[in-house]
Engineer: 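Once you've had a glance at the structure underneath, I'll fire off some questions.
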Amino acid sequence: MKVQPLILLCLAAISGYSQSLDMHNHGVLQVEPNGLLSVKSNFYNSETGEYENNGEVIFAGDFNNDGITTFNPNHQGYTRFQGLSPQQITGSFPADFFDVLFQNNTTQPAFLLSGDIAISGNADFMAGIVYNTGNILFLSGATHTNTDHNSHIDGLVQKAGAETFRYPIGNGGFYRFSEISANGNLNALFSSQYHFENSDPFYPHSQKEETIQFIDNTEYWELYKEEDSEDVLLILSWDEATTPSQITNSSTIHIIRWDTNENRWISEGGVIDYETKTVTTIAQVGGYGVFTLAASDDDLPEDDDLIIYNGVSPNDDGDNDYFEIENIQKYPENRVVIFNRWGIKVFETTNYDSRDNVFKGYSDARATLGSGLLPTGTYFYILEYTKTTTDGNSKKIKRSGHLYLKTD
């Protein structure tokens, strides 16, 4: 440990081991690589304090940051919040951490966060719920491990960057993640929160599309994006411990969204994965806010004549050489988007199957991934098209599912 006084370091700050005195830093406190600092009491980094952790620091008490808390990117740093009683993480200035450990087996929530922290490395939720009324930001490349019902973030979580991210969120003692796909924008910023409560008092369940049969009345999620961020696939999960049986026993589970313009719940469709207990859909531009799960009817019109063939082997043998959607030419007002299993967009077009405008296993230049032949594997498609119904009205239909591409 290297301590460089700038203005004044009190006795507790110098020792870092006082049981009775809080540790105050008013100057420059630097923990060198391979150094270890254990703070048994509360730690306060004042407005004039500059605290840099490039080694390992253990906080057993409260942490307050009103100055600069950072790390050297070349050395990074490991911060361990390990107390024997609830720990408060506060401050008027954001604190930057690389790797962080939350481990506290006291009464839940074990961590009360009202300040702002940013994580660049990994957040290890070993034990203890972080009750967040401040702001937790996972920066580009940041990850988390060991999330479960006993260890997660209760509150809003922000994620910056372009990669896929599973939010370590929960509420009411339940870990109930949401997940977004990669979006191709390094400056993207998405926020998500889980609520273990009935959304009906705030967003009436009676106000819904006709195809929606039963709306989850125990939980809902929020997902928001910054204006310039690309759209993403949204994945929600179900859990028998929180999700009503009307949902978990349904053969048609959709993600639904409260549309503030229409003032009702609308279906965003979804592809069900029973193994992982998840439903995946795509959130449209401007279509962010409140989401939950619902048991729905198949919203296809009775006279729908589209047939989707979900096998593609572009070997010019005349059989499944492209992603075929039979009769799509009847509905030129359409949009097809294809993602790989990591949620990266590989193909997008409108007026599909016009002038050889089809998916043949190649990523196009407009897609997030760039152009080129794609590898063999399972992909995810979204199809939207407008159809004139028998009563003369136009209806926008959304279908989604998996397709298998064989290129080797």
Side-chain angles (χ1 to χ4, degrees), residues 65 68-71 73 76 89 91-100 102 113-123 125 130-145 147 152-171 175-195 220-237 255 257-261 268 280-292 337 339-340 342-345 348 366-369 382:
N65 179 60
I68 296 175
T69 291
T70 188
F71 59 89
Q76 301 170 353
I89 304 173
S92 60
F93 204 75
D96 292 324
F97 299 110
F98 190 75
D99 289 334
V100 183
F102 295 99
L113 190 149
S114 59
D116 295 348
I117 66 173
I119 299 170
S120 297
N122 181 68
F125 294 93
V130 181
Y131 182 71
N132 175 35
T133 59
N135 184 55
I136 297 181
L137 171 64
F138 284 79
L139 295 170
S140 182
T143 57
H144 61 83
T145 51
T147 45
H152 54 263
I153 298 171
D154 186 344
L156 188 72
V157 175
Q158 289 189 316
K159 174 64 179 74
E163 63 272 4
T164 298
F165 186 72
R166 176 171 290 187
Y167 287 88
I169 54 178
N171 181 238
Y175 166 54
R176 300 292 287 107
F177 69 85
S178 64
E179 184 174 331
I180 57 172
S181 66
N183 62 83
N185 184 350
L186 294 175
N187 297 317
L189 182 64
F190 288 84
S191 305
S192 189
Q193 184 172 359
Y194 170 75
H195 301 269
Y220 66 95
W221 292 258
E222 294 179 89
L223 178 67
Y224 301 100
K225 73 165 185 172
E226 291 297 308
E227 186 173 329
D228 295 332
S229 301
E230 298 288 336
D231 287 326
V232 293
L233 292 174
L234 171 62
I235 301 173
L236 297 182
S237 57
I255 292 176
R257 173 175 59 86
W258 178 260
D259 190 294
T260 55
N261 294 323
E268 294 287 357
T280 303
T281 191
I282 184 170
Q284 298 294 333
V285 175
Y288 292 85
V290 175
F291 295 84
T292 194
V337 187
F339 301 84
N340 65 15
W342 294 283
I344 298 174
K345 184 167 61 178
E348 180 177 12
R366 292 166 291 178
T368 305
L369 195 64
I382 300 289

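Fair warning: this is a prediction, and the values are worked out from it, not measured in the lab. All heavy atoms count here, side chains included; hydrogens, waters and symmetry mates do not.
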Engineer: Do the side chains of F177 and T147 get nearer than 4.5 Å, heavy atoms only?
Structural biologist: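 With C-beta onward as the side chain, the pair stays apart.
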Engineer: Walk me through whether F138 and I153 qualify under side chain to side chain contact (heavy atoms under 4.5 Å, CB included).
Structural biologist: CA-CA 12 Å; F138 284 79; I153 298 171; 4.1 Å; yes
Engineer: State the OG1-CD distance between T280 and E179, to the nearest 0.5 angstrom.
Structural biologist: 8.0 Å
Engineer: Listed by chain and number, what are the side-chain hydrogen bond (donor to acceptor under 3.5 Å, both in side chains) partners of E222, not counting sequence neighbours?
Structural biologist: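 Applying side-chain hydrogen bond (donor to acceptor under 3.5 Å, both in side chains) to E222 gives H195, Y224.
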Engineer: Any chance you could measure N340, atom CG, to K345, atom NZ, to the nearest 0.5 Å?
Structural biologist: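 N340 CG to K345 NZ: 12.5 Å, rounded to 0.5 Å.
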Engineer: Assess the residue pair I180 and Y167 against the criterion (side chain to side chain contact (heavy atoms under 4.5 Å, CB included)); give the C-alpha distance rounded to whole Å, side-chain angles, the decisive distance to 0.1 Å, and a yes or no.
Structural biologist: CA-CA 8 Å; I180 57 172; Y167 287 88; 3.7 Å; yes
Engineer: Just verifying a value: how many Å separate E268 CD and D259 CG, rounded to the nearest 0.5 Å?
Structural biologist: 8.5 Å
Engineer: According to ring-ring contact (aromatic ring centres under 6.0 Å, His included), who are the partners of Y131, at least two apart in sequence or on a separate chain?
Structural biologist: none
Engineer: Is there a side-chain contact between T69 and F93 (heavy atoms, below 4.5 Å)?
Structural biologist: no
Engineer: Check each of I89, V100, L113, D116 against I136 using the side-chain contact (heavy atoms from CB on, under 4.5 Å) test, and report the only one that passes.
Structural biologist: L113
Engineer: Looking only at heavy atoms, what is the nearest atom pair of L139 and S120, with distance?
Structural biologist: CD1-OG, 3.3 Å
Engineer: If you take all heavy atoms of Y288 and V232, which pair is closest and at what distance?
Structural biologist: OH-N, 3.5 Å
Engineer: Have a look at L236 and tell me which of T292, T281, I255 forms a side-chain contact (heavy atoms from CB on, under 4.5 Å) with it.
Structural biologist: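 For L236, the side-chain contact (heavy atoms from CB on, under 4.5 Å) test succeeds with only one of T292, T281, I255, which is I255.
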Engineer: Minimum heavy-atom separation for V157 and P168, please, with both atom names.
Structural biologist: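 That closest heavy-atom pairing would be CG1-CD, 4.4 Å.
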Engineer: Output all residues satisfying side-chain hydrogen bond (donor to acceptor under 3.5 Å, both in side chains) with T143, sequence neighbours left out; order by chain, then residue number.
Structural biologist: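 Applying side-chain hydrogen bond (donor to acceptor under 3.5 Å, both in side chains) to T143 gives N122.
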Engineer: Not counting sequence neighbours, which residues clear ring-ring contact (aromatic ring centres under 6.0 Å, His included) with F125? List them please.
Structural biologist: F102
Engineer: For N135, give me all partners under side-chain hydrogen bond (donor to acceptor under 3.5 Å, both in side chains), at least two apart in sequence or on another chain.
Structural biologist: Q158
Engineer: Looking at every non-hydrogen atom in both residues, tell me the closest pair between F71 and D96 and how far apart they are.
Structural biologist: CD2-O, 3.8 Å
Engineer: For residues S178 and S192, report the shortest heavy-atom separation together with the two atoms involved.
Structural biologist: OG-OG, 2.8 Å
Engineer: Ignoring hydrogens, what is the shortest heavy-atom contact between I169 and Y194? Give both atom names and the distance.
Structural biologist: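 The answer is CD1-N, 3.7 Å.
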Engineer: Would H144 and F165 count as a close aromatic pair, with their ring centres under 6.0 Å?
Structural biologist: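 Under 6.0 Å, so yes.
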Engineer: Listed by chain and number, what are the side-chain hydrogen bond (donor to acceptor under 3.5 Å, both in side chains) partners of S237, not counting sequence neighbours?
Structural biologist: R176
